[in-house]
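No experiment lies behind these values; they were computed from the predicted model shown. Protein chains get the first letters and strands the later ones, always in sequence-line order, with residue 1 at the start of each.
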Protein chains: 2
Amino acid sequence: MVKLRDIAQQTGYSISTVSKALSGKGRMSDETRKNILSVAKNLGYTPDFYAKSMASKTKTFVLGLIVPDITNPFFAYLTRGVERACGETCLLMLMDSFRSLHREEQLIRAARFYGVNGVIVGNSRVNDELIDEISKYVPVVIFDKECKCDNVVSIVVDNYYGAYLATKHLVENGCKHIIHFGGTQELYVSLQRAQGYEAAIKESGLKSHIVRVGYTFDDGYKAAKKLLNERNQFDGAFCMNDLVALGVMKALKEEGKKVPEDVAVVGFDDDKQLCEVTVPSLSSVRQPVEMMGETAGKMLLELINGQSNTKKVIFSPSLVVRDSSARR
Amino acid sequence: MVKLRDIAQQTGYSISTVSKALSGKGRMSDETRKNILSVAKNLGYTPDFYAKSMASKTKTFVLGLIVPDITNPFFAYLTRGVERACGETCLLMLMDSFRSLHREEQLIRAARFYGVNGVIVGNSRVNDELIDEISKYVPVVIFDKECKCDNVVSIVVDNYYGAYLATKHLVENGCKHIIHFGGTQELYVSLQRAQGYEAAIKESGLKSHIVRVGYTFDDGYKAAKKLLNERNQFDGAFCMNDLVALGVMKALKEEGKKVPEDVAVVGFDDDKQLCEVTVPSLSSVRQPVEMMGETAGKMLLELINGQSNTKKVIFSPSLVVRDSSARR
DNA sequence: TCAATTCTTGAAAATGATTGCAAATAGATA
DNA sequence: TATCTATTTGCAATCATTTTCAAGAATTGA
C-alpha cells in the first residue's frame, strides 16, 4: 500500500510537499511538482479515503439506498434517479434486502457503520421503531410511509388519483362494465388504488366490481380465466399492476376476446420494458419513479446539510395511453 | 458531533478508557463501564467510521459489485446471485456505473477505500490496465473478460454454444430458412453468437443469413419489417437477445405471419419477465445468471481468504423452449 | 506488615492524510 | 555586503479512534 510517506522518501521531499503537489494546492516549482507526480504515478499511489476524509473536514458523501428487490424494475429505476441526484458529488451504496425483513433491519443498522451519511429506504415493511432509532443518527428518506421523526422525509405517490385517472379513461372510452383486478387487502397501496377506482365508477354512475387478485402474471391470468368461464361480462379492466394486466390479456386472448375492441385494459406502474413490448402495447399509470428517486436523493442531501425544509413530498401519477385501451 | 473526548470529559475518564468501555474490549470495573455507556447514550454518541477504520486495520467484509446498468434484468439477477453467496457472513455494496466509463473507473478506484474487501466487475468496458492496477490491492472477479493478473478470476459464458443450441433447435423443428438477427460487429459477444449460428447452419446443410441489427426492440422490429417488405422468405429467426426477438415478432404479426406456425422465433438471455409474459411466450437461450453471480461471490471470498485455486469459470447456457418455437 | 498478584486506568504512539505558518533559499536591490 | 522580497519547502498540529504498555490501586496470602 503506497502512502504519501513512500513518495516523500523516493523523491526526497517532505510529506506535506507531496500532499500539496498532488492536491495542486500549495505553490511550488514546476519541476518539483512534475517530479512528485511522476513518482506518484509510478508507485501507483491512491489516497487513503479514510485518512483523507478525516483530515480534511470536507465530507465525502456516501448515500445508502435500501431496496426490497432490485430485480423489480420499479426499484431499478428508482436507483437510477437517486444516482442522478448524486451526480459527481457523492457515491451511492445500493443494498438489496431481498424482501427479507431480517436482512432489511440488518442493512439499516449496518448502514451507519459503513460510512454512509444518509439512507434512503424504498418501500419498506420495517417497523417504525427501527426507523425512529436509526434516524437519530443518520438522516432518512423513506417511500410510501410517514414518520414523525425529525430526521425523516417521506416520499409518496398519489395512488388514489392514479387509479381514478385510469378508471375515468376507461369510462370515457365507452366501457360500461369495468372490473378492478386489485391487490390483496393488507397493502396500503392496494387500498388506495381500489378507492380511486370506486370514486371514478361512482362518479360515472356505473357499478363497481372489485376482484382481489394479487400481484403476479399468474394471479391476473387465473382470475380473468375464472371470470370468463363464469360468463361474467366485462368490457374494461383496470389492473393492480402491469403484470396482472398482462395475465388478464392472455386470458382474454385465449377466450377469443379482442383487446382493446372487446375489452380495454389498463395497468399500473408503466414498466416500459413490459408495456411497449407486448402486442397490443399496454396502457398504464405511470409513476415518475426516476424523478422520485432524484428527489429522494436531493432531499437526503438537504437533510445531511441540515436544511430540512420539507417533511413530505407527494407525486402525481399520470396516464400513458397505448393500444390496449385506445378504442377510437 | 459527539466524540470520545466529550464522553471522557463528562465522565472524568480518559479517552482510551472510554474507547475500551464502548468496544467492550478492555477490562474495567462494571461501574465505570456502566457509567460511560450511559453517558455515551445520553449524548447520542456514534463512532466516526473513518477514524475507526483508519485506526483499526480490521477487515470489514464488504463485497463490492459494479454493474453497468441495474435496470437491465441480467444484472439485477446477477446481483441476486452474489447476494446469495454473501449469505449472512458479508454485506454487498452495489454500485451502478450507468454505462459511463468514467464513472466505472471512479467506482473501481473508490471501491477499495470504502471498506470493500473485494470487487466483482460485471461486463466492463474498462481497460485491462485499471483492472491490473486495482487487483494489486483488492481481489477482483470479472465477467466476460480475461486477465493474467494474480488476483483476478474471470467468469464467462459459452455464447457460441448457446447460439448453436438455438439454431439447431430451429433446424430440428423443420425450419429451412433461418435468419440470424445479430448484434453489431464490435461486440465480442455478438461475434461468438454469430459463429455458433453459422456452425449449426453449416452442419445442417442450410444457407446462412445474418442481418446486423442491434440490441433493442426497435432494432428488431425495423429489420424484420424491412426484410418482409422486400419479400424475403424465412421461417426461422434466431435473435441476438429477447428484445430484438420481440421486435421481430411484432413485425411478423403486423405482416400477417403467425408465430410459430409460419415463423419460429428464439431469443437470447431468457429474461423471464419478458419471455413468459408475451403471447406467444418466447423461447430463449438461458444463461445461468444467478448461479454465475453466486459463483462470482464464492470465488471472490476464496480470493480474499487467499485460496485462489481457479483462474476462469466457463458456464454453459441452455435452451428454454416455449411457444414461439414449438411447432409440433 | 510486606510482598506478590490481580484489577483498573491512562499516557502515548500510531493510523495517513491536510494545512497554517515559519524557515530556508534564491534573486534583486541599495 | 547587507537588506529586502518572492519563492519554495518543511515542521508540527490536527482529525477521531485503537491499542500497547506501564503505572498505580486494590486485594490476597503468609
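- Note that the CE atom of A:Met292 and the CZ atom of A:Phe143 stand 5.0 Å from one another [nearest 0.5 Å].
- Partners of A:Arg84 under the salt bridge (Lys or Arg N to Asp or Glu O under 4.0 Å) rule, at least two apart in sequence or in another chain, are A:Glu290, A:Glu294.
- Taking every side-chain heavy atom of A:Arg5 into account, C:dT15 is the closest of C:dT15, D:dA16, D:dC15.
- Within 6.0 Å of atom CG in B:Asp150, 12 or fewer heavy atoms from other residues, nucleotides or ligands are found, so the atom counts as exposed in its surroundings.
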What N/O pairs connect the protein and nucleotides 25-28 of chain D at under 3.5 Å? Give each pair on its own line.
none

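- B:Arg80 meets the salt bridge (Lys or Arg N to Asp or Glu O under 4.0 Å) test with A:Asp69; sequence neighbours excluded.
- For the helix from C:dT1-D:dA30 to C:dA30-D:dT1, the axis fitted to the five pairs at one end and the axis fitted to the five pairs at the other end meet at an angle of 60° (nearest 10 degrees).
- Counting heavy atoms from C-beta outward, A:Leu300 and A:Pro139 have side chains that approach closer than 4.5 Å.
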Identify each atom pair where a protein N or O and an N or O of nucleotides 5-12 of chain D are less than 3.5 Å apart, giving names and distance.
{"residue": "D:dT9", "atom": "OP1", "partner": "A:Thr32", "partner atom": "OG1", "Å": "2.8"}
{"residue": "D:dT9", "atom": "OP2", "partner": "A:Ser29", "partner atom": "N", "Å": "3.4"}
{"residue": "D:dT9", "atom": "OP2", "partner": "A:Thr32", "partner atom": "OG1", "Å": "2.8"}
{"residue": "D:dG10", "atom": "OP2", "partner": "A:Ser14", "partner atom": "N", "Å": "2.9"}
{"residue": "D:dG10", "atom": "OP2", "partner": "A:Ser14", "partner atom": "OG", "Å": "3.3"}
{"residue": "D:dG10", "atom": "OP2", "partner": "A:Thr17", "partner atom": "OG1", "Å": "2.7"}
{"residue": "D:dG10", "atom": "O6", "partner": "A:Lys20", "partner atom": "NZ", "Å": "2.5"}
{"residue": "D:dC11", "atom": "N4", "partner": "A:Ser16", "partner atom": "OG", "Å": "3.0"}

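- At whole-Å resolution of the value, CD1 in B:Ile7 and C1' in D:dT17 are 12 Å apart.
- Listed by chain and number, the residues in a side chain to side chain donor-acceptor pair (under 3.5 Å) with B:Thr295 amount to none (sequence neighbours excluded).
- Nearest heavy-atom pair, B:Phe315 versus B:Pro288, reported as atom, atom and distance to 0.1 Å: CD2-CG, 3.8 Å.
- The nearest whole Å value for the distance from the NZ atom in B:Lys3 to the C1' atom in D:dT18 is 17 Å.
- In terms of phosphate contacts, A:Lys25 brings a side-chain nitrogen or oxygen within less than 4.0 Å of OP1 or OP2 of C:dT19.
- Counting heavy-atom neighbours within 6.0 Å of A:Lys34 NZ, excluding the residue itself, gives a total of 12 or less.
- In this structure, B:Lys298 contributes its side chain and B:Gly293 its backbone to no donor-acceptor pair below 3.5 Å.
- Checked by atom type and distance alone, the side chain of B:Ser154 never pairs as donor or acceptor with a backbone atom of B:Lys312 at under 3.5 Å.
- Spacing between atom CG of B:Leu22 and atom P of D:dA16 amounts to 16 Å, rounded to whole angstrom units.
- Of the possible polar contacts, none joining the A:Lys20 side chain to the A:Arg33 backbone as a donor-acceptor pair under 3.5 Å is found.
- One can place CD1 of B:Ile36 at 13 Å from P of C:dT8, the figure rounded to the nearest angstrom.
- Phosphate contact (OP1/OP2 of D:dA16, side-chain N/O of B:Lys52, threshold under 4.0 Å): absent.
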